[in-house]
> 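Below you'll find the structure I mean.
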Amino acid sequence: MSNNTKFTGQSFKSVGTRPLRPDGLDKVTGRARYGADIQLPGQLTALILRSPHAHATIKSIDTSKAEKLKGVKAVLTSADLPDKNKGDQDLFDILDNCMARKKVLYDGHSVAAVAAIDAVTARAALKLIKVEYAILPHVTDVDEAVKPKAPLLNRKCITQGVEPTPKKASNVAKRTEFGHGNTETGFAEADFVKERNFKTEQTHQGYIEPHACVASYSPDGTAELWVCTQGHFVFRQQCAALLGMDVSKLRVTPTEIGGGFGGKTHVWAEPVALALSRKANRPVKLVMSREEVFRASGPTSATSIDIKIGITKDGTITAGDATLRYSNGPYVGPWAMLGAMTAFACYDLKNVRTVGYEVLVNRPKTTAYRAPSAPMAAFAVESVIDELAAEIGMDPVEVRIKNAAKEGSQSSYGPVYGPIGIGPTLEAAQKHPHMSAKLGKNQGRGMACGFWFNFGGQTCTDLNIAPDGTVTLTVGTIDVGGARASLSLIAAEELGISYEDVKAVVGDTTSVGYNDMTDGSRGTFSSSMATIIAARNAISILKERAATMWEIPVDKVIWEEGHAKATGKKHGNLAPLSLAEIAAEAPNTGGPIAGHNELVADGAGVSFATHICDVEVDRETGRTKVVRYTVIQDAGKAVHPTYVEGQYQGGAAQGIGWALNEEYIYGDDGRLQNPGFLDYRIPVCSDLPMIDTQILEIPNPNHPYGVRGVGETSIVPPLAAVANAVSNAAGVRMTHVPMSAPRILKAIDSAQD
Amino acid sequence: MAQLVSTKINNDPIQFVCEPQEPLLDALRDRVGLTGVKEGCGTGDCGACSIILDGTLVCSCLVLGVEAEGRAIETVEGMADGATLHPLQTKFLEHAALQCGICTPGFLIAAKALLKNNPAPTEEEIRYALAGNLCRCTGYDKIVRAVQDAAKVMRKG
Amino acid sequence: MAEIKVWGGLRPAIGGAATLDIEASTIRELLRKLEEQYPDTAPFIEAGIAVSIDGVIYRDSWGQKLPSSAEIYLLPRIEGG
Ligand code: FES
Ligand code: FES
């Protein structure tokens, strides 16, 4: 398999064009069905009771009054969702997050749930549930949590990855380290060394569609679940495991998804909906409110990062060192590790060391958010590089070009790079008219680079040719932003037919084999690989059928431009057979024609971006506005360039929001103060300028068309690009994100003192 | 006590029953079946539930169902004329002004309301008119361009 | 004999070294021998180890061949958003 998925450098007819997407019409007419739009006969409404405390022991839960309320059909606590995970810690954490067991670990942690005939009754029932808590001391700040006297979230938490194993429990769940060379020698060779601490606040993916599902459990032990998810196969595995069901007895149908960005990669309330349905013996619909989405789903880590970088006068970085503390919520994850892997990935460094600490705090369980953990690390590193460039009097782009990683460089996370695009994005930035445009009063310009890995993973695709020659493509990866259009283009390209003759659909868990979720920018990368191979498999059948129709040997048949053509002196005069003509004869030549493929699509290429940002800072109020923004990123090959641009622009906008406004604010009581879009302010239309994009195409050698993932990298540079721009405009280095107006004002004021 | 509400929705006479405290958003979605009207927040902050009520753009999550008595409602479901899309719908598709699409019905309605009052808005006017609608996917660039382009087409009539 | 490099986090489990000598022709064989020779790596293998072959990261492909001249680098298995 690996041989025929290499990049060949072929030219394209369909790939690279910009047709309308197949699911677009339903979405502009209101017909598309999202998670909350599913309606089943006899469906109940479910609501969840959540902890008002950041940290407390649950002494007792009395549900008797709620159960007696008219119209209540089921009340559920953790007793109804026992631990069946046989020691799998990740699954246990997900279960405990779905329904707290002995302790609540954050404000918003679920403790009980009800299913009732309507929302009014369900709300009344929640009020009748009596929970007795013994409140424990809490800690929400990442730097506070690592202090020796900090309240402990988990008394069994011994730091992993430290030799010798610590004897005392702490909130540091894990230490990881990456790097090579010797940073001490490196710093000794430097002419300038800069050290700084940076902080970033916790943000939420902020998808506009709250989590929603409808669960229907049948007394025969089978169940169905409709849900907005980034991975319906993963949801099926997790729900089945948590409920003790056979995986194949649970059918999960993905609805359209109203944004996910990593936040819909594991289950939050779906097992609760299924368990309620099992108990009530009725379908149950569970839709989170926006407040619940903020308090109890999602967020990314809050971080505290120490950076030390050394540079020579001529601009060579001699060493880089980073210590990264990432909040994980109450359960350990890979978050600081990802920060540690990506921090210096743009650069070719002789001496580099990064150390990550996973820190437990009384906040919701940290979840992936678009290129998870990379934006914060890039913010810290790219800020210091800018400062050092100024110190040695070198242009910031020039310094980065000088140190950029290239093919053959050892990456800061370990392996040697293949062909990569960081250098070309920097050179494009240097030449971009944005870089030389005049700045106005109180304006500043900043630029920054970013890196993300991209993944492949398990993929399964079905391609069926209908009797009229049109094609149905059934994929198992969720379409979060135009993948059906891209995959149709790819099927059309490979078969040599027109885009309009391909219809791509996302199949439910019973209609195709297992697929990993759409994360790590893998959707288009891996499903396109499977689609290409499925199409090639179909073509070999089409050739056989044509040979049968012509009564000639199959080795005399080739496939070209959507037609079977006979070759050789003897048969060359036969008129080519179109796909439709061959399909029409299928009943007589061997039955239906299909291509099928399942694979592990490994070899996703790494991706790099460079962003340029201009801001205007009001020195009186600290208010900052982005006035111009440019994204330059390597796509490998842009299958549908409009959607690639859309990914670039969307990621940049999310990063800008993170840089300037968005943050979780906790009170001293450990409660989230701003669980709503009014106080957690994501960028609105009037906050942003147009976002210019430039797509570079440096083919991924491990994909037949050269495709890399494009979805995530675009969120990595903005924190740093905006911070560098603000620092240049305000004349003071910003080290705390978001750079809200009060923080900027404070920095300006303290610089003036 | 539930009440009977008589309205005109997308030009059709429609009656529905709803509780006095029930938001119009819930009534439209759950009782009339117009699930093109989306809920992103329920507190008036995201605009996904935008409708036009007697000619005025409102968040249907902030209006009570019973307040719709005797009034005319326009939702995304009524924008196309049969199989012919409204120019805004066409331009949203052409410009790829949607990724996930959950915000799209709200943006279409808000843009429709804008262009009715101001057929030739500047970029800035468009950005402020749509500032009540959140989109997390697109960064707004393509949405603004789609509205500009639709306005041009509509001016030509 | 292929020299296998490992990320910093795994080093304590293999006695502190930055590289390993394991004779293996596929990812499957490499991971099996890793666990046999260094039992402390078991939890890491369970959590998932990715293998980079000349810079291309393989997360799930046991059958992948390890060319003798290739740079082999063990990394933690990672996930995205
Ligand atoms: S749902 Fe009405 S404004 Fe958000
Ligand atoms: S397209 Fe997803 S929120 Fe706008």
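Chain letters run A, B, ... following the sequence lines, proteins first and then strands; every chain starts at 1.
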> Would you compute the distance between atom CD of B/Glu39 and atom CZ of A/Arg290 and round it to the nearest 0.5 angstrom?
9.5 Å

> Quick check on the structure: residues of residues 36-45 of chain A within a heavy-atom distance below 4.5 Å of chain B, by number.
A/Ala36, A/Asp37

> Below 4.5 Å from any heavy atom of chain A, which atoms of B/Leu34 appear? Answer side chain, backbone, both or neither.
neither

> May I ask you to test the B/Val144-A/Cys685 pair for a side-chain heavy-atom distance under 4.5 Å?
yes

> At a 4.5 Å cut-off on heavy atoms, which part of B/Leu93 comes close to chain A: side chain, backbone, both, or neither?
both

> Under the rule for side-chain contact (heavy atoms from CB on, under 4.5 Å), what residues qualify as partners of A/Arg31, not counting sequence neighbours?
A/Asp26, A/Thr29

> From B/Leu98 CG over to A/Asp23 CG, what is the distance, rounded to the nearest 0.5 angstrom?
7.5 Å

> Between CG of B/Leu134 and CD1 of A/Ile682, what distance do you get to the nearest 0.5 Å?
4.5 Å

> Return the option, out of A/Gly206, A/Pro210, A/Ala32, with the maximum number of heavy-atom pairs under 4.5 Å with chain B.
A/Gly206

> Nearest 0.5 Å, what's the CG-CD distance between A/Asp479 and B/Gln99?
10.0 Å

> List the atom of B/Leu85, the atom of A/Leu25, and the distance in Å for their closest heavy-atom pair.
CD1-CD1, 3.6 Å

> For the CZ atom on A/Arg623, are there more than 12 heavy atoms of other groups (residues, nucleotides or ligands in this structure) within a distance under 6.0 Å?
no

> Taking the side chain as every heavy atom from C-beta outward, state whether B/Asp141 and A/Glu645 have any pair of such atoms under 4.5 Å apart.
no

> Looking only at atom types and distance, does a side-chain atom of A/Gln649 sit under 3.5 Å from a main-chain N or O of B/Gly139, one as donor and one as acceptor?
no

> Using every non-hydrogen atom in the two residues, find where A/Phe261 and B/Cys137 come nearest and quote the distance to one decimal.
CZ-SG, 3.6 Å

> For chain A, which of B/Ala97, B/Ala131, B/Cys100, B/Gly47 has the most heavy-atom pairs under 4.5 Å?
B/Cys100

> Just checking heavy atoms, which of residues 3-31 of chain B are less than 4.5 Å from chain A?
B/Gln21, B/Arg29

> What is the minimum heavy-atom distance between A/Lys27 and B/Gly101, and which atoms define it?
CD-CA, 4.3 Å

> Evaluate B/Arg136 against A/Glu662 for salt bridge (Lys or Arg N to Asp or Glu O under 4.0 Å), listing each step before the verdict.
CA-CA 13 Å; B/Arg136 192 56 155 173; A/Glu662 297 177 32; 2.7 Å; yes

> Compare every heavy atom of B/Cys46 with every heavy atom of A/Phe677, then report the nearest pair and how far apart it is.
CD1-CB, 4.2 Å

> Is it true that atom CZ of A/Arg33 has more than 12 heavy atoms of other residues, nucleotides or ligands lying nearer than 6.0 Å?
no

> Sort B/Thr43 into side chain, backbone, both or neither according to what part of it lies under 4.5 angstrom from a heavy atom of chain A.
neither

> Hey, which residues of residues 54-82 of chain B are touching chain A, say heavy atoms under 4.5 Å apart?
B/Val76, B/Glu77

> With respect to chain B, which residue among A/Arg681, A/Arg18, A/Gln205 yields the maximal number of heavy-atom pairs within a distance under 4.5 Å?
A/Gln205

> Where the side chain of A/Tyr643 meets the backbone of B/Ala96, is there a donor-acceptor pair that is under 3.5 Å apart?
no

> Identify the two heavy atoms, one from A/Met690 and one from B/Arg127, that lie closest to each other, and give their separation to 0.1 Å.
N-NH2, 3.3 Å

> Once rounded to the nearest 0.5 Å, what's the spacing between atom SG of B/Cys41 and atom CZ of A/Phe294?
9.5 Å

> Which one, A/Pro683, A/Pro19, A/Ser289, leads in non-hydrogen pairs under 4.5 Å with chain B?
A/Pro683

> Drop me the distance from A/Ser686's OG to B/Ile126's CD1, to the nearest 0.5 angstrom.
12.5 Å

> Is it the backbone or the side chain of B/His86 that comes under 4.5 Å from a heavy atom of chain A, or both, or neither?
neither

